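Just so we're clear, the structure is a prediction, and the values are computed from it rather than from any experiment. Here is how names work: the chains are called A, B, and so on, in the same order as the sequence lines, proteins then strands, and each is numbered from 1.
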Amino acid sequence: MSGSDMSASPAASRTRLYGSWGNILRAEHETLAPRSVDGAREIAARLPAHSAIARGNGRSYGDVALNPGRTLVDMLGLDHFIAFDATTGRLRCEAGILLSDILAVLSRPDRDGSGWLLPVMPGTRFITVGGAIANDVHGKNAHGLGSFGCHVVDLELARSDGRRLVCSPEENPDLFAATIGGLGLTGLILTATLQLRRVPGLALEAEDIAFDRLEDFFTLDAESAQAWEYTAAWIDCLAGGEALGRGIYMRARHAPGVGAPPPARAPSRSVPLTPPLSGVNGLSVRAFNALYWRKLGSKRRKSHVGSYEKVFFPLDAIGHWNRLYGPAGFYQFQAVVPPEHAEPVTRELLAEISSARQGSMLVVLKRFGDIVSPGLISFPMPGITLALDFPNLGDATRKLLARLERIVVAAGGRIYPAKDFSMSRESFAKGYPALQDFLRHRDPAMSSAFARRMGIVEEEDAS
Amino acid sequence: MSTSPRRIAIFGATSDIAVAFARAHAAGGTRFALSARDGAALDRLAQDLKVRGAGEVTVRTVDFADLSQLPAIAEAMWGAFGGLDVALIAYGSLPDQAKACLDPALAEEALRLNFTSPALLVNTLAGYFEAARAGTIAVITSVAGDRGRQSNYVYGGAKGGLQTFLDGVRHRLHASGVTVLDIRPGFVATKMTQHLPQTGPLWAQPDKVASDISAAIAKRRAVLYTPWFWWVIMTIVCALPRAVFHRSKL
């Protein structure tokens, strides 16, 4: 029997330890690792009720791709390109392929520096296409181009009844809408067709501008929205009083005619193991924020033209940076609030964090535009989104997260499941009004720690 | 010879190490002749390599355990692009040693796929390369072939025999300028070892092994231990006096 023979069997089953990216939970899982789309379809057809969830490259901070004591279907074996049409920019690929591979293979500068680029780039390129769809990820150009799901032409889904379905806005449109941002609960995503976009130059012209208070963010954002395709701001969340909401506004746009080689497929440096104590504590956060706030110097403005790597993927520079938070891990929190409440609610959230003295280094403020995501329970919606991470200090951190959650939901906002580990069922239902509609399209075999925590799958259902 | 081969044949092309090797060479129009047993997996790989920039990909399904198929497959792969720069032989199997001790048929099957078949294939390919007076024949053996051990001497014996066979072919082809590369990986996280834990410092990823193979081909090396530390480990294992070695459980 040759090595290749073994791919004839859909998967080998074994038990493995998997964690969330935030390292809040690590647990043993029965894992199945299909090697082909046919193998994945066979696996889906044999899954018992409430048993399994697909897992990509494990970059979800929370528990959407965990399923302790049950089954994970490791999709990384489905890593083949299927076809790319260089005239239309349509890419068909298997769901386990990483965005970093798509960039490395297809986003190469032509002679004039232009090229094909992923239309939506999240904060890390080390995620799978299937994961990007299931979480309907967004990037710094969400105000102009919407979420990842807006650029999915079609996808193939394996359901536990044995069917392999093509879903698109025309074919099985309801299931398509449920699967975009559907957290893997509608079945196994096997393949997808993505519409890449032609950019006039793969390099970016980027500008960083320091601002002194929250109002200035909104002013800068309003004046940047038209001319700057990629925008986001870092906020110094330890600043209070007059300086509340001060930060650095970052905007970028493609530099026509300037090429940029694709970023590396793997980080060149990595945190080799989890230190026994968190490297992220009150002292290091204070020091970081103080230094970062001053990084632009007295001119308070800096611009450069170059690779998109640092603009899109600052955290990818160091592999396993999540380990810096130590064995207790960290919580991520990302929420969006509607535009009409954006400024006062953001102020309220920042004041709450500042007074709790639980600082975060990574604080991102960004405006989502009016482009409606095709997903029924997609996170992106019009408004302002705030993302932060907090070292896990136990109860104190969970209480702070609960207070932030209350403020967001009271303002008609919602929390991002891909980053969540603490949202209440009520907040989920309130934040996602199409939830009941979504539940009709759930695949009965699928289940995740998140789904059970949210009551989407009842505990007592589980065998 | 240019450092980047333009015509590559892979026997056992759907093995994880072979896939990683092919992908690393796909950009820039490389032409591939691929063979393996699983036709669907071969087709999938061919499409994948084309998107990654391969110039042309031909595929052929073959059962390497059927020795009668070997001359035809060697001829077809050699002829696909009118000669080859690199032939990589990557198929093999990891038999269950305990079962193979008791079941002669299972042991025979493992010896055939891990020794007889690749040895015969190399022998045939050697004739083509010798006539062309250029190119590299690269064969994946294993560190397990360096010294027979109670826990896997059926597999190790086949790989050890193949190493000696390659030594001889290398001697024969030296005059014609053809390189024969003996690739000896340690533990690699592939589907062949999927039933093992695949974690720990000794386990390597297929991408790492593939890039080591590419470097060894470019440097025209004869023997490659990959990752490099296996050279140290196997030097020690081979140097152990028999009296000491026999008390180990290796």
Side-chain angles (χ1 to χ4, degrees), chain A residues 1-18 31-41 74 76-86 90-94 96-98 100-108 116 190-191 194 196 261-262 264-266 272-273, chain B residues 11-20 23-24 26-27 34-54 61-65 90-95 106 109-110 112-114 117-118 140 188 190-199 201 205 207-208:
Chain A
M1 187 164 71
S2 75
S4 57
D5 285 337
M6 299 193 182
S7 63
S9 66
S13 157
R14 58 180 170 170
T15 304
R16 267 190 63 179
L17 196 62
Y18 281 97
T31 66
L32 296 166
R35 291 279 169 178
S36 66
V37 288
D38 289 332
R41 192 194 58 76
D74 181 336
L76 290 176
L78 271 65
D79 65 349
H80 292 79
F81 289 105
I82 299 169
F84 178 64
D85 184 335
R90 281 205 176 175
L91 168 67
R92 188 148 179 255
C93 64
E94 293 175 0
I97 209 156
L98 298 181
S100 55
D101 273 327
I102 295 176
L103 293 174
V105 170
L106 298 176
S107 301
R108 296 184 163 274
W116 291 105
L190 301 175
T191 68
L194 307 177
L196 304 193
R265 282 184 150 112
L273 42 82
Chain B
F11 303 83
T14 56
S15 89
D16 289 334
I17 294 172
V19 169
R23 284 176 173 172
L34 309 177
S35 61
R37 233 167 89 156
D38 182 343
L42 271 178
D43 289 340
R44 211 154 53 233
L45 179 60
Q47 290 169 330
D48 177 72
L49 293 174
K50 279 183 207 155
V51 174
R52 288 174 193 265
T61 57
V62 60
D63 177 3
F64 295 109
Y91 60 88
S93 71
L94 190 58
L106 192 65
E109 186 187 295
R112 185 162 12 111
L113 198 72
N114 290 303
S117 170
I140 300 179
V188 188
T190 64
K191 50 187 178 256
M192 186 165 99
T193 55
Q194 205 171 27
H195 57 292
L196 302 170
Q198 297 194 343
T199 52
Q205 293 302 314
D207 278 344
K208 163 68 181 156

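For Arg16(A), no part lies near chain B; criterion is any non-hydrogen pair under 4.5 Å. Proximity to chain A is absent for every atom of Leu106(B), based on heavy atoms less than 4.5 angstrom apart. If you measure heavy-atom distances from Asp63(B) to chain A, you find no contacts under 4.5 Å at all.
Test Asp101(A), Asp79(A), Val105(A) against Arg23(B) for side-chain contact (heavy atoms from CB on, under 4.5 Å) and you get one pass: Asp79(A).
Residue Arg35(A) holds its CZ atom at 10.5 Å from OG1 of Thr14(B), rounded to the nearest 0.5 Å.
Checked against side chain to side chain donor-acceptor pair (under 3.5 Å), Arg52(B) has the following partners two or more places apart in sequence or in another chain: Asp48(B).
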